[in-house]
J.: 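Structure provided below as C-alpha cells; questions to follow.
When a ligand or atom number is given, it counts from 1 through the structure's own listing order.
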Amino acid sequence: MAVNIRGKNYLKLLDYSSEEMRYLLDLAKNFKDMKRAGVPHKYLEGKNIVLLFEKTSTRTRCSFEVAGMDLGMGVTYLDPGSSQMGKKESIADTARVLGRMYDGIEYRGFSQELVEQLAKYAGVPVWNGLTDQFHPTQMLADLLTIEEKFGRLKGINFTYMGDARNNMGNSLMIACAKMGLNFTACAPKELFPEDSLVEEAKKLAAENGCTVRLTEDVEEGAKDADVIYTDIWVSMGEPDEVWETRIGLLKKYQVNANVMKLAKDTAIFMHCLPSFHDTNTTVGAQIAEKFGITEMEVTDEVFESKQSVVFDEAENRMHTIKAVVYATLK
Ligand code: CP
Ligand code: NVA
C-alpha cells in the first residue's frame with residue numbers, strides 16, 4: 001500500500017515504520033534534485049508554519065525556514081525569549097492557540113513529554129526539532145548522507161562514539177535498527193543508552209536483519225566501521241558543571257586519526273554539528289583555558305579530512321526537513 005503520512009506528527013522515529021522512513025528519504029532525494037536543478041516547488045502555497053525554539057539553533061531553524069519558503073509557505077520564528085509559552089501560558093494553551101493559526105508547528109525544547117503534549121493539543125502536525133531525548137529530523141539527513149556515500153543503508157557498520165545516551169545516541173540507535181544498519185555505541189558504561197531503549201532497538205534490529213551492540217572498547221567499537229559518528233560531550237540544557245566529569249569520561253573516545261585508522265579505509269566521519277574541533281568558539285576557548293584541551297569529541301585533523309562529510313550532512317537537513325513538512329501537510 002502507498003505510504004500516506006498526511007496529518008501525522010513527527011515526534012520520534014519509534015512512531016515511524018521503516019517504509020515510512022524509506023518514503024521520506026526518497027521524497028527528500030526528489031526535493032534535492034529539484035532544488036539543484038532550480039525547479040520551483042511551491043506546493044504548499046497559502047499555508048503557514050511556526051517554529052518554536054526554546055534552545056538555540058542554526059541548522060534546524062534555517063532548514064525549516066528555507067524548506068517552508070521553498071514550498072511557498074509563510075514561516076514565523078519564535079525564539080527562546082519571545083513567546084509566552086511556559087512562562088505565562090501552558091503548553092496546552094499555546095498549542096491550541098497556534099493550532100488555530102498555523103498548519104504545522106516545529107518545536108525544539110527540553111523534555112520529550114513537552115513536544116508530545118504540544119502535539120496532543122495542537123490539532124495540526126507537530127515536528128520535533130530536538131528534545132533532550134530525541135532528534136528525529138537529524139536522522140533523515142544522516143541516513144540520506146550515508147545512502148549517498150555508499151549507495152545503500154542495509155549492512156553498513158555504524159559506530160557512534162561518545163555520549164551514547166544523549167538525543168543523538170538514542171536516535172541513531174533507533175534509526176540504524178529500523179533501516180538495517182549495524183549499530184555500535186562505543187562509550188563508557190555510564191553513558192550507555194537506557195536499557196529499555198536498547199531492548200527496543202535490539203527487537204527492531206532483529207526484525208530488520210541488523211545488530212545493536214554496546215562496547216566500552218575503542219578498538220572493538222571502531223574496527224571495520226563504515227561510519228564513525230560523534231556529537232558534543234555536553235548537550236544544550238546541561239549545566240556547565242558537568243564538563244569536568246564528561247571530559248574525564250569521554251577523552252579516550254575522541255575521534256582522532258587512530259580511530260579512523262581502525263575503521264575501514266573507505267569509512268566516513270559524521271557529526272550533527274555544532275562541533276568543538278578547535279578553539280575558535282567561545283566555549284572551545286573557555287574549555288581550553290580551564291582544562292587544557294584544544295580539541296574535544298573530534299580532532300581538527302579528522303574534521304577537516306577528506307573522510308569528513310559533515311557539510312553534506314548539514315545541507316541534507318534542509319532537503320529532508322522539506323520532505324517531512326511536505327508529506328505531513330500536503
Ligand atoms: N544539528 C543541529 O540540530 O544543529 P542546530 O543545533 O544548529 O540546529
Ligand atoms: N546533543 C546535542 C545535539 C545538537 C544538535 C545537543 O542536544 O546539544
J.: Please list, in number order, the atoms of ligand 1 under 4.0 Å from a heavy atom of Cys272.
T.: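 What qualifies from ligand 1 is 1 (N).
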J.: Find all atoms of ligand 1 within a distance of less than 4.0 Å from any non-hydrogen atom belonging to His135, and give their numbers and elements.
T.: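 Numbered from 1, ligand 1 contributes 2 (C), 3 (O).
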J.: Please list, in number order, the atoms of ligand 1 under 4.0 Å from a heavy atom of Arg317.
T.: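 In order of numbering, the contacting atoms are 1 (N), 2 (C), 3 (O).
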J.: Is there at least one pair of N or O atoms, one from Leu273 and one from ligand 1, spaced under 3.5 Å apart?
T.: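 Yes; at least one N/O pair falls below 3.5 Å.
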J.: Any heavy atom of Lys55 closer to ligand 1 than 4.0 angstrom?
T.: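 Heavy atoms of Lys55 never come under 4.0 Å of ligand 1.
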J.: Show every ring pair (Phe, Tyr, Trp, His ring centres under 6.0 Å) that has at least one partner inside residues 91-130, sequence neighbours left out.
T.: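 Residue pairs passing ring pair (Phe, Tyr, Trp, His ring centres under 6.0 Å), neighbours aside: Phe64-Trp127.
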J.: Does ligand 1 have any atom that is closer than 4.0 Å to a heavy atom of Leu130?
T.: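 The answer is no: ligand 1 sits nowhere under 4.0 Å from a heavy atom of Leu130.
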J.: Just by distance, with hydrogens left out, do Gln112 and Thr131 show a side-chain donor and acceptor under 3.5 Å apart?
T.: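 Thr131 and Gln112 do have a side-chain donor-acceptor pair below 3.5 Å.
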J.: Determine which pairs satisfy salt bridge (charged side-chain N to carboxylate O under 4.0 Å, His left out) with at least one residue from residues 207-230, sequence neighbours left out, and list them in order.
T.: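 As it turns out, the salt bridge (charged side-chain N to carboxylate O under 4.0 Å, His left out) pairs with a partner in residues 207-230, which skip direct neighbours, are Lys189-Glu216, Arg213-Glu220, Asp226-Lys264.
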J.: Which residue pairs pass the salt bridge (charged side-chain N to carboxylate O under 4.0 Å, His left out) test when at least one of the two sits in residues 122-140, sequence neighbours left out?
T.: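 Applying salt bridge (charged side-chain N to carboxylate O under 4.0 Å, His left out) to every pair that reaches into residues 122-140, excluding sequence neighbours, yields Lys55-Asp132.
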J.: Tabulating one pair per line, provide the atom names and distances (0.1 Å) for every N/O atom of ligand 2 that is less than 3.5 Å from a protein N/O atom.
T.:
from, atom 1, to, atom 2, distance (Å)
ligand 2, 1 (N), Asn167, OD1, 2.8
ligand 2, 1 (N), Asp231, OD2, 2.6
ligand 2, 1 (N), Ser235, OG, 2.7
ligand 2, 7 (O), Asn167, ND2, 2.8
ligand 2, 8 (O), Met236, N, 2.8

J.: Using a 4.0 Å cutoff against the non-hydrogen atoms of Thr58, which atoms of ligand 1 qualify?
T.: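 Those atoms are 5 (P), 7 (O), 8 (O).
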J.: Kindly determine whether Phe183 and Asn157 satisfy side-chain contact (heavy atoms from CB on, under 4.5 Å), including the steps that lead there.
T.: CA-CA 6 Å; Phe183 178 82; Asn157 294 332; over 6 Å; no
J.: So, His41 and Lys322: side-chain donor and acceptor under 3.5 Å apart, yes or no?
T.: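 Yes.
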J.: Quick one: do Ile228 and Tyr253 end up in the same hydrophobic cluster if we chain Ile, Leu, Val, Met, Phe, Trp and Tyr together by side-chain heavy atoms under 4.5 Å apart?
T.: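 Same cluster: Ile228 reaches Tyr253 through Ile, Leu, Val, Met, Phe, Trp or Tyr contacts under 4.5 Å.
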J.: Which heavy atom of the protein is the closest neighbour of atom 4 (O) of ligand 1, given with residue, atom name and distance?
T.: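 Ranked first by proximity to atom 4 (O) of ligand 1 is Arg59 NE, 2.8 Å.
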J.: Are the ring centres of Phe269 and Tyr229 closer than 6.0 Å?
T.: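 Centroid separation for Phe269 and Tyr229: 6.0 Å or greater.
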J.: Are His271 and Phe303 close enough that their ring centers fall under 6.0 Å?
T.: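 They do not qualify: ring centres at least 6.0 Å apart.
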J.: Who's the nearest protein heavy-atom neighbour of atom 6 (O) of ligand 1, and how far?
T.: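 The protein heavy atom lying closest is Arg108 NH1, 2.9 Å.
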J.: Under a plain distance cut-off of 3.5 Å, with no hydrogens placed, do Asn280 and Asp278 share a side-chain donor-acceptor pair?
T.: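 Indeed, the side chains of Asp278 and Asn280 share at least one donor-acceptor pair under 3.5 Å.
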